[in-house]
Amino acid sequence: MLTILFLSATYGGRVHDKRIADVTPYPLPAGSRLLQDLGFLAFTLPQVEILMPTKKPCGQELTWEQHVANQALHCRRLRIEHVNSSVKRCRIVKDRIRLWKQAQTQH
């Protein structure tokens, strides 16, 4: 079971994830490891190790070691993407909670 530990502010419309990541302060402690995809090539955090798949060189193939490392990262990311899709499917972030009672004003 995976647990979501951090959720940034939500943005309406079309905003790229990289732009959101650039303006969001992440509460990762020093020595953490951050798994990210190739859409965040220039994104870094101080004292945090970035784990990212190796991009295939133009006109060349990846080495066997790079391919195996990419597969290992893919398996980890797949679990994370399933959690993300559950959040979207259940509309946890999108919809407003309506369980709250309206505060009654006294006259």
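Nothing here was measured: the structure is a model prediction, and the numbers come from that model.
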Discussion item. For residues F43 and V15: do they belong to one hydrophobic cluster (side chain heavy atoms under 4.5 Å, members Ile, Leu, Val, Met, Phe, Trp, Tyr)?
Written reply: no

Just list the side-chain donor-acceptor pairs under 3.5 Å for residues 19-33, sequence neighbours left out, or say none.
{"residue": "D22", "atom": "OD1", "partner": "K18", "partner atom": "NZ", "Å": "3.0"}
{"residue": "D22", "atom": "OD2", "partner": "K18", "partner atom": "NZ", "Å": "2.8"}
{"residue": "T24", "atom": "OG1", "partner": "I20", "partner atom": "O", "Å": "2.6"}
{"residue": "S32", "atom": "OG", "partner": "P29", "partner atom": "O", "Å": "2.7"}

Worksheet item: Distance from H74 atom NE2 to E81 atom CD, nearest 0.5 Å?
Response: 10.0 Å

Give every donor-acceptor pair under 3.5 Å between a side-chain atom in residues 46-58 and any protein atom, sequence neighbours left out.
none

Worksheet item: Honestly curious: do L45 and F6 fall in one hydrophobic cluster under the side-chain, below-4.5 Å linking rule?
Response: yes

Worksheet item: Out of curiosity, F40 CZ to L35 CG, how far, rounded to the nearest 0.5 Å?
Response: 11.0 Å

Worksheet item: In Å, rounded to the nearest 0.5 Å, how long is the span from NE2 of H82 to CZ of R89?
Response: 9.5 Å

Response to the item:
Value for CG (D17) from OG (S8), rounded to nearest 0.5 Å, stands at 8.5 Å

Worksheet item: Is there a path of hydrophobic side-chain contacts, each under 4.5 Å between heavy atoms of I, L, V, M, F, W or Y residues, that connects L73 with V68?
Response: no

Worksheet item: In Å, rounded to the nearest 0.5 Å, how long is the span from OG of S86 to CD1 of I4?
Response: 8.5 Å

Worksheet item: Out of curiosity, does L7 fall in the hydrophobic cluster containing V87 (side-chain heavy atoms, cut-off under 4.5 Å, transitive links)?
Response: yes

